[in-house]
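So the structure is just underneath, and the comments pick up after that.
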Amino acid sequence: MTTPVQQPVTSVWSMYRAIVGIGALCALLIVSVFKATEGRIADNRARFLASAVAEILPEAQWTLAVAVDASGALVEASEGAALPGYLGFDADGNIVGAVITGIGMGYADNIRLLYAYSFELDAITGFKILESKETPGLGDRVEVEPHFLASFDRLDASLSPGGDALANAIVTVKQGEKVAPWQIDGITGATITSEAIGRILDVSASVWVPALERDAAAFAGRQPHEEEQ
Amino acid sequence: MNQPPTTDEFVKGLWRDNPVFVQVLGMCPALAVSNTAINALAMGLATSFVLLMSGISVSLLRRFIPREARIVCYICIIASFVTVVDYAIAAISLELYRSLGAFIALIVVNCLILGRAEAFASKNTVGRSVLDALGMGVGFTVALLSIGIVREILGSNSLFGIALFPDGFQTWTVMVLPSGGFFAMALWLLVVNRIKERQALKEPAQ
């Protein structure tokens, strides 16, 4: 008959010492790496943002960060504003368009994007994904699918007669069923992500476009400060 | 176990115990992020770094970590190095960071890393753990790259972003979709198992 093997009992102190000690070392490592890479990541993000703005609003020589305040008025954005917009200016200080940041839930996580608004066309004329964790090969097709991107040649975002809301809600329809200029031709196989893009644009444009159309003219004639590009 | 490190610790991960083609571990990133060769290479290198650093840490701390608390300690160590990789990739290239998406964070739950920490690093010296982690890391990277190369050539008509064939080449779109990962994986498993089978047949005769 065999006798059961006695396992040595580990003291509670040893357990606390190991878990808390390793936790503290790991926290120190993470904080150190965060501080070491913080500046570089911020530079990368700023560079990426600048190239994204230049890509969807190429006419702009420089931009001014703006925001919509609690009363719905367009104001110059304070540093670190969560979802800023950018007024694009040419060399003479004329406003050539606006680029706005939008955010909303996609399939996997929040999608953060930039879209360009044309005052001349009353329409959204392009978008660029800033952050997305959509499924590679499926959800990320919203960035490359030609028929989907064709909807943004001139996506209607005109205002209702009162000027305080969009005349028609921007909406993504099933692939091949787009009949109106405010509809986005969806992507079969990336339904949730393509619908999310439409929803993000509709929610954001409903707030931003009335403010831009009402207040942007007040910013015309501005010249860039040294720090603005 | 204080045996001296041997080259076998390194070599076994490359072929005999390859983590992808033999142990079939870490399938989530192997199939999801291998749609292009560059993504596969980046994921392989990121996983190898975490594997190496967590192997060193677990081996160094193996006498300090009580048996009952080992899994929580290993996960804490692995998650910390994954966070380090996450920040490092974002600092190196935001484009690469965007293309790898959620899968960087998911390295934490790659069973290959926890498996090597539990089965090897917690029982062996730092030297042996380093060789084991390097071997498994290189084996994992080569396997991901093999899958990524096939998928990118057939699915996108390019390799590392460089166009390969003339315009007449019809790309196989399915290869860049998730199902293409399974096809490429099956193809490589077929090749690897066929070679192993032939080796096994030859061995008794020698």
Side-chain angles (χ1 to χ4, degrees), chain A residues 7-49 51-52 106-109 111-112 128-141 143-145 189-190, chain B residues 29 31-36 39 53-54 57-58 60-70 72-106 151 155-156 173-181:
Chain A
Q7 290 281 348
V9 179
T10 307
S11 69
V12 174
W13 161 241
S14 300
M15 304 257 276
Y16 272 120
R17 188 184 60 180
I19 294 170
V20 176
I22 287 173
L25 283 175
C26 290
L28 189 67
L29 175 71
I30 291 172
V31 171
S32 305
V33 174
F34 173 75
K35 293 307 286 181
T37 55
E38 190 181 17
R40 185 82 188 268
I41 292 173
D43 287 348
N44 279 352
R45 289 216 162 109
R47 226 181 352 258
F48 183 71
L49 183 66
S51 72
Y107 177 70
D109 201 346
I111 298 172
R112 192 179 171 95
K128 174 92 178 166
I129 303 281
L130 294 179
E131 286 174 26
S132 156
K133 295 196 186 324
E134 301 300 274
T135 317
L138 291 175
D140 62 2
R141 286 163 61 202
E143 294 183 79
V144 294
E145 201 68 44
Chain B
L31 297 174
V33 191
S34 59
N35 53 346
T36 66
N39 283 0
M53 298 311 292
S54 59
S57 306
V58 168
L60 277 173
L61 296 167
R62 67 189 190 280
R63 294 185 211 290
F64 177 73
I65 299 172
R67 205 181 152 277
E68 294 85 345
R70 69 191 191 287
V72 68
C73 292
Y74 298 164
I75 288 290
C76 190
I77 291 167
I78 294 166
S80 301
F81 285 113
V82 170
T83 310
V84 168
V85 166
D86 194 64
Y87 287 139
I89 294 178
I92 293 165
S93 165
L94 214 52
E95 282 294 334
L96 183 62
Y97 184 76
R98 291 177 73 231
S99 63
L100 292 178
F103 294 104
I104 301 172
L106 286 176
R151 293 181 69 187
S156 307
T173 309
V174 69
M175 292 308 282
V176 294
L177 298 177
S179 44

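Sequence lines set the chain letters: A, B, ... in the order given, protein chains first and strands last, and positions in each chain run from 1.
Options B:Ser57, B:Cys76, B:Ala79 differ in how many heavy-atom pairs under 4.5 Å they form with chain A, and the most are formed by B:Cys76. Across A:Ser11, A:Gly21, A:Gly23, A:Cys26, the residue that shares the most heavy-atom pairs under 4.5 angstrom with chain B is A:Cys26. Counting heavy-atom pairs closer than 4.5 Å to chain A, the top residue among B:Ile77, B:Val84, B:Thr83, B:Thr173 is B:Val84.
The distance from the CD1 atom of B:Ile65 to the CE atom of A:Met15 is 12.5 Å, given to the nearest 0.5 Å. The distance from the CZ atom of B:Arg70 to the CD1 atom of A:Ile22 is 13.0 Å, given to the nearest 0.5 Å. In this structure, the separation between NZ on A:Lys35 and OH on B:Tyr87 is 10.5 Å, given to the nearest 0.5 Å.
Residues of residues 37-44 of chain A lying under 4.5 angstrom from chain B, judged on non-hydrogen atoms, are A:Thr37, A:Arg40, A:Ile41, A:Asn44 in numerical order.
For a residue to count as touching a neighbouring chain, one of its non-hydrogen atoms must lie under 4.5 Å from one of that chain's; by this rule A:Leu130 touches chain B with the backbone only. With a 4.5 Å cut-off on non-hydrogen atoms, B:Val72 touches chain A through its side chain but not through its backbone. Looking at A:Arg47, there are no atoms closer than 4.5 Å to chain B (heavy atoms on both sides), in backbone or side chain. In this structure, the portion of B:Ile92 lying under 4.5 Å from any heavy atom of chain A is its backbone and not its side chain.
By the 6.0 Å contact criterion, CZ on B:Phe64 is enclosed, its count of non-hydrogen atoms from other residues, nucleotides or ligands being greater than 12.
Considering only residues two or more places apart in sequence or on other chains, A:Phe48 meets the ring-ring contact (aromatic ring centres under 6.0 Å, His included) condition with none of them.
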